[in-house]
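All values below were derived from every heavy atom in this structure, side-chain atoms included, with hydrogens, water molecules and symmetry-related copies excluded. Residue numbering restarts at 1 for every chain, and letters A, B, ... go by the order of the sequence lines.
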Number of protein chains: 2
Amino acid sequence: MSNAKVLPLIEPADGQAVAPCCPPLTERPFSAEEAEVAARMFKALGDPVRLRLFSAVASHEGGEACVCDISDVGVSQPTVSHHLKKLKEAGLLTSERRGTWVYYRVEPSVLAAMGQLLTNASAVA
Amino acid sequence: MSNAKVLPLIEPADGQAVAPCCPPLTERPFSAEEAEVAARMFKALGDPVRLRLFSAVASHEGGEACVCDISDVGVSQPTVSHHLKKLKEAGLLTSERRGTWVYYRVEPSVLAAMGQLLTNASAVA
DNA sequence: CGCTTGGTTCGATGTGTGTCAACATAGACG
DNA sequence: CGTCTATGTTGACACACATCGAACCAAGCG
């Protein structure tokens, strides 16, 4: 096991600390704290609009997209902004203003952590 | 790739059809329908109590546990039953009554599907 | 039968959240 | 400086949801 640190190496973003989220799922019952942290990330992806926005950013060139490119999800623009903020607070996206437009990027480490959480789980079961 | 069917082979449970959930996350932006299906599963795991219940079942012997074994999550028993029902409706758990006790089991295919969704995503990004 | 234990369903209640319209802010461009 | 476009923020509102107590089924057991 040379890469056991894949899960816990989530760096704090703008000031929103993203705690290490992912103890193995089928190894032991989640503690209350572990569940709270992990559930926060699942909840962030638990909305159809957010999931579409997230996949739009993730599937964009270089995992980066400006709001104008992804804001066609059937809701008003304030709602888009609201959901992007939620995703940012959950540590799944980071934003950066470059001139007129604001670009959003995915946080690969968090994604990998959640993936391994579930992948390891299914491997055990 | 010999196991491309891991994702879509989710069988309908008691009468609650669990649709195939997981197109690749970073390949294309999710459609509204895809997002709705996938978000339903993420939302099911987006509650701390549900996540603890789910991991308790998953980490139990053979991925099977009766309610009496996992109902110690800090909420009342009706609430536990309510959350287990939600997890069952989301296709993540199945229940079976054996004599006095009701046993809940994990649905491995769904878990694998969600894991690959995120794992593939991080691999691409 | 009636009692006990395990589990679900029902009704009610408070909190959370998704949504929009209206307003505010940040650059760009004359 | 004024204005226009692109995003973010605020306030309000409706709906969903998590939670609990009480009532209700289901099995075993005397």
> In whole Å, what is the span from the CD atom of A:Q77 to the P atom of C:dT25?
Replying inline: 18 Å
> Which atoms form the tightest heavy-atom contact between A:E107 and A:T94, and what is the distance?
Replying inline: OE1-CG2, 3.1 Å
> Is any side-chain N or O of B:S81 closer than 4.0 Å to OP1 or OP2 of C:dT8?
Replying inline: yes
>> In this structure, how many angstroms lie between the P atom of D:dT7 and the CD atom of A:E96, rounded?
In response: 14 Å
> Could you give the OH-to-P distance, from B:Y103 to C:dG7, as a whole number of Å?
Replying inline: 9 Å
> Which atom pair, heavy atoms only, marks the closest approach of A:R40 to A:A90?
Replying inline: O-CB, 4.4 Å
Quiz: residues 48-63 of chain A side-chain donor-acceptor pairs under 3.5 angstrom, not counting sequence neighbours:
unit_1: A:R50; atom_1: NE; unit_2: A:A44; atom_2: O; d: 2.7
unit_1: A:R50; atom_1: NH1; unit_2: A:H83; atom_2: ND1; d: 3.2
unit_1: A:R50; atom_1: NH2; unit_2: A:K43; atom_2: O; d: 3.4
unit_1: A:R52; atom_1: NE; unit_2: B:F30; atom_2: O; d: 3.2
unit_1: A:S55; atom_1: OG; unit_2: A:L51; atom_2: O; d: 3.4
unit_1: A:S55; atom_1: OG; unit_2: A:R52; atom_2: O; d: 3.2
unit_1: A:S55; atom_1: OG; unit_2: B:F30; atom_2: N; d: 2.7
unit_1: A:S59; atom_1: OG; unit_2: A:S55; atom_2: O; d: 2.8
unit_1: A:S59; atom_1: OG; unit_2: A:A56; atom_2: O; d: 3.3
unit_1: A:H60; atom_1: ND1; unit_2: A:E64; atom_2: O; d: 2.8

> Taking OP1 and OP2 of D:dA16, is either one under 4.0 Å from a side-chain nitrogen or oxygen of B:K43?
Replying inline: no
> Does A:V102 share a hydrophobic cluster with A:V75, counting links as ILVMFWY side-chain heavy atoms below 4.5 Å and allowing steps through other members?
Replying inline: yes
> Of all the choices, D:dA27, D:dT7, C:dC20, which nucleotide is nearest to the side chain of B:R97 once you look at every atom?
Replying inline: D:dA27
> Can you tell if the side chain of A:V106 reaches within under 4.5 Å of the side chain of B:T26, non-hydrogen atoms only?
Replying inline: no
>> By the salt bridge (Lys or Arg N to Asp or Glu O under 4.0 Å) test, which pairs, at least two apart or in different chains, include something from residues 67-85 of chain B?
In response: none
>> Expressed as a whole number of angstroms, how long is the span from A:R52:CZ to C:dT19:P?
In response: 11 Å
> For A:R50, which contact category applies under a 4.0 Å heavy-atom criterion: base, sugar-phosphate, or nothing?
Replying inline: sugar-phosphate
> Checking all strands, does B:T100 fall into the base, sugar-phosphate, or nothing category for heavy-atom contacts under 4.0 angstrom?
Replying inline: sugar-phosphate
>> Over all strands shown, is A:V49 touching base, sugar-phosphate only, or nothing at heavy-atom distances under 4.0 angstrom?
In response: sugar-phosphate
> Which part of the nucleic acid, if any, lies within contact of B:Y104, taking any heavy atom under 4.0 Å across all strands shown: a base, the sugar-phosphate backbone alone, or nothing?
Replying inline: sugar-phosphate
> To the nearest Å, how far apart are B:W101 CH2 and C:dT8 C1'?
Replying inline: 17 Å
>> Using the side-chain heavy atoms of A:H83, tell me which of these nucleotides is nearest: C:dA22, C:dT19, D:dC20.
In response: C:dT19
> In whole angstrom, what separates A:L53's CG from D:dG8's P?
Replying inline: 11 Å
> Any side-chain N or O of A:T79 less than 4.0 Å from the OP1 or OP2 oxygen of C:dG18?
Replying inline: no
>> Tell me which residues in residues 61-74 of chain A lie within less than 4.0 Å of DNA chain D, going by non-hydrogen atoms.
In response: A:C66, A:V67, A:C68
> Whole-Å distance between D:dA18 P and B:L84 CG?
Replying inline: 13 Å
>> Applying a 4.0 Å non-hydrogen cut-off, can you work out what B:H82 is touching in the nucleic acid: base, sugar-phosphate, or nothing?
In response: base
>> Taking the minimum atom-to-atom distance to the side chain of A:D47, which one of C:dT8, D:dT19, C:dG18 wins?
In response: C:dG18
> Are any of the side-chain heavy atoms of B:M114 and B:F42 separated by less than 4.5 Å?
Replying inline: yes
> Does A:K85 have a side-chain nitrogen or oxygen under 4.0 Å from the phosphate oxygens OP1 or OP2 of D:dT7?
Replying inline: no
> C:dG6 P sits how many Å from B:R98 CZ, rounded?
Replying inline: 17 Å
> Is there a side-chain polar atom (N or O) of A:K86 under 4.0 Å from OP1 or OP2 of C:dG18?
Replying inline: yes
> Can A:V80 be reached from A:Y103 by stepping across I, L, V, M, F, W or Y side chains whose heavy atoms are under 4.5 Å apart?
Replying inline: no
